[in-house]
2 protein chains.
Amino acid sequence: MTLRERKKLRTRQTLIDTALEQFTRRGFDGVTLDELCEAVEVSKRTFFRTFASKEDVAMAPAQDLWTLFLAELESAVPGGRTLLEMERDTLLAALERAAREEGWAGRMALAHALAQRTPSMDGHNRHFCESTTRSALDVLRRRFGLGGPDDPRPRLAIDMLVAAFHLAMAGWADSPEPDPADLAARLRDALAALPAALTLVPDEGGAAGVSSP
Amino acid sequence: MTLRERKKLRTRQTLIDTALEQFTRRGFDGVTLDELCEAVEVSKRTFFRTFASKEDVAMAPAQDLWTLFLAELESAVPGGRTLLEMERDTLLAALERAAREEGWAGRMALAHALAQRTPSMDGHNRHFCESTTRSALDVLRRRFGLGGPDDPRPRLAIDMLVAAFHLAMAGWADSPEPDPADLAARLRDALAALPAALTLVPDEGGAAGVSSP
DNA sequence: ACCATTTATGTCACTGAGTGGCATAAGCCT
DNA sequence: AGGCTTATGCCACTCAGTGACATAAATGGT
């Protein structure tokens with residue numbers, strides 16, 4: 001790797017770390033890009049050559065994970081598993097690779113906490129999620145037929161994976177000392193709860209039901 | 001209803017219709033707020049007293065639907081149905097009420113088409129979806145116990161409902177002459193496909209599998 | 001070690017979204 | 001009609017994001 005590339009990557013990492021730290025401490029809206037760039041000693045123009053938006057810099061950990069997921073998906077084989085099981089294992093593999101990066105878990109937890117209390121970050125995050133989902137669907141359709149482009153099942157399967165992941169993440173990021181293995185376990189649990197969620201029956205007569213005595 | 005309120009509502013509707021028309025014709029980014037306000041003969045300041053953002057004005061049809069959904073949910077009764085079935089019927093009821101509004105279907109279709117090709121709109125849309133989901137979850141937990149705040153199933157059930165709705169909407173908005181009854185049918189179909197999506201098994205050996213001959 | 005080429009960075013000026021403050025106008029009530 | 005409330009308009013401002021162009025730094029060949 002050339003010196004140029006290393007410098008660029010280092011600037012990127014510094015921006016991410018500084019942004020996460022400042023946003024967490026003073027709030028997303030409490031930090032202007034000028035201040036962030038000042039702290040990293042980089043021009044605003046350079047910032048926007050590295051990230052597409054103010055939100056993007058704080059979403060980098062999540063983006064990295066899903067990029068790995070897509071890469072892993074290219075080489076996944078069914079092996080008699082359910083589509084959802086295959087996706088689960090692919091995501092777990094991506095998780096394992098992402099977690100090799102020093103300090104990834106901490107960054108991911110900060111990013112998630114920020115997204116929770118910053119509408120615009122949550123929005124960007126979910127839009128990114130959607131485009132990743134589409135890409136994943138393209139890969140799945142290309143590599144396995146899966147009943148043509150009108151079959152609703154593959155799309156629903158990925159959405160269920162994503163829903164389970166968000167659920168797992170919500171619990172994990174709030175826990176003290178977030179650890180990748182714990183996130184993996186939570187993801188498994190959330191996915192295992194899907195069939196029960198489908199058939200869950202609420203108690204008869206809600207507490208404030210219209211015709212309760 | 002007072003004259004003041006009627007005027008305010010009329011301005012709101014005009015803004016929505018004009019925005020949808022202009023955004024569709026010239027693109028979301030191709031229309032500045034100044035131009036939109038000029039066309040409706042309203043100051044920019046007034047625009048932001050009616051809508052929180054440029055994106056919001058085009059998302060109004062969807063917001064109205066989900067607001068109705070939450071209202072319906074307050075008076076829904078289980079009646080021996082699955083939670084997901086109850087949510088489905090509640091959403092169908094909201095849909096029916098929303099569709100009474102003259103031209104709602106057309107606005108909804110335009111709004112969806114715009115969100116498809118405008119990242120920032122998609123992001124806002126999905127964030128709004130998430131906050132609605134949370135509110136719905138609050139209502140469900142308040143009215144029916146549903147196994148405490150740590151039970152993952154209710155959350156997953158709503159996410160499945162939303163996933164099915166998005167899927168139904170995607171097919172519906174692209175169809176010629178979008179009609180509310182058709183959207184309802186598509187929603188039923190998408191929800192009915194959920195169990196199959198959960199157990200779908202891909203063909204063995206992907207087309208570009210790593211170890212294919 | 002030097003120079004030409006390529007590529008990253010910085011500077012400046014600009015557009016457009018969104019906000020606060022305050023004056024004015026429009027609707028409301030008796 | 002006239003005082004009261006509330007919506008609207010206007011002005012100046014902050015800040016995210018972009019385009020054009022100059023400058024600096026890395027690379028590769030000699």
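Below, read A as the first sequence line, B as the second, and so on, with proteins coming before strands; counting in each chain starts at 1.
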Salt bridge (charged side-chain N to carboxylate O under 4.0 Å, His left out): pairs with one or both residues in [range], sequence neighbours excluded:
range	value
residues 30-47 of chain A	Arg26(A)-Glu35(A)
residues 54-65 of chain B	Arg12(B)-Asp64(B)
residues 148-172 of chain A	Glu130(A)-Arg155(A), Asp151(A)-Arg153(A), Arg155(A)-Asp159(A)
residues 111-121 of chain A	none

Worksheet entry | Strand contacts (DNA chain D) in residues 110-128 of chain B, 4.0 angstrom heavy-atom criterion | none
Practice prompt. For Phe28(A), check ring pair (Phe, Tyr, Trp, His ring centres under 6.0 Å) against everything at least two apart and list the hits.
Written response: Phe23(A)
Worksheet item: Does any residue of residues 9-34 of chain B have a heavy atom under 4.0 Å from DNA chain C, and if so, which ones, in number order?
Response: Val31(B), Thr32(B), Leu33(B)
Worksheet item: By side-chain contact (heavy atoms from CB on, under 4.5 Å), which residues pair with Val42(B), not counting sequence neighbours?
Response: Thr11(B), Val40(B), Thr46(B)
Practice prompt. Taking side-chain contact (heavy atoms from CB on, under 4.5 Å) as the test, write out the residues that go with Ala181(B), two or more places apart.
Written response: Asp179(B)
Discussion item. Classify the ring geometry of Phe47(B) against Phe51(B): parallel below 30°, tilted from 30° to 60°, perpendicular beyond 60°.
Written reply: tilted
Less than 3.5 Å apart, which donor and acceptor atoms pair up between the side chains of residues 88-113 of chain A and the rest of the protein, not counting sequence neighbours?
{"from": "Asp89(A)", "atom 1": "OD2", "to": "Arg81(A)", "atom 2": "NH1", "distance (Å)": "2.7"}
{"from": "Thr90(A)", "atom 1": "OG1", "to": "Met86(A)", "atom 2": "O", "distance (Å)": "2.7"}
{"from": "Arg97(A)", "atom 1": "NH1", "to": "Glu72(A)", "atom 2": "OE2", "distance (Å)": "3.1"}
{"from": "Arg107(A)", "atom 1": "NH1", "to": "Glu102(A)", "atom 2": "O", "distance (Å)": "3.3"}
{"from": "Arg107(A)", "atom 1": "NH2", "to": "Glu102(A)", "atom 2": "O", "distance (Å)": "3.3"}

Discussion item. Rounding to an integer number of Å, can you tell me how far Phe51(A) CZ sits from dA16(D) C1'?
Written reply: 16 Å
Worksheet item: For the pair made of NZ in Lys54(A) and P in dC15(D), what is the distance, rounded to whole Å?
Response: 9 Å
Worksheet item: Ignoring hydrogens and angles, does a donor from either the side chain of Lys44(B) or the base of dG9(D) sit under 3.5 Å from an acceptor on the other?
Response: no
Worksheet item: Contact class for Lys8(A) (heavy atom, under 4.0 Å): base, sugar-phosphate, or nothing?
Response: sugar-phosphate
Worksheet item: chain B on DNA chain C: first and last contacting nucleotide, 5' to 3', under 4.0 Å to a heavy atom?
Response: dG16(C) to dC28(C)
Practice prompt. Inspect the contact between Arg126(A) and Asp122(A) and indicate whether a charged nitrogen and a carboxylate oxygen are less than 4.0 angstrom apart.
Written response: yes
Discussion item. Determine whether Asp138(B) and Arg134(B) satisfy the following criterion, salt bridge (charged side-chain N to carboxylate O under 4.0 Å, His left out), listing intermediate values before the conclusion.
Written reply: CA-CA 6 Å; Asp138(B) 286 345; Arg134(B) 286 176 120 80; over 6 Å; no
Worksheet item: Can you give one letter per nucleotide of nucleotides 21-30 of chain D, 5' to 3': B if a protein heavy atom sits under 4.0 Å from the base, S if only from the sugar-phosphate, - if neither?
Response: ----BBS---
Practice prompt. Measure the spacing between CG of Leu191(A) and CD of Glu85(A) and express it to the nearest 0.5 Å.
Written response: 9.5 Å
Practice prompt. Using the side chain to side chain contact (heavy atoms under 4.5 Å, CB included) rule, pick out the option among Leu146(A), Leu84(A), Leu156(A) that qualifies with Leu200(B).
Written response: Leu146(A)
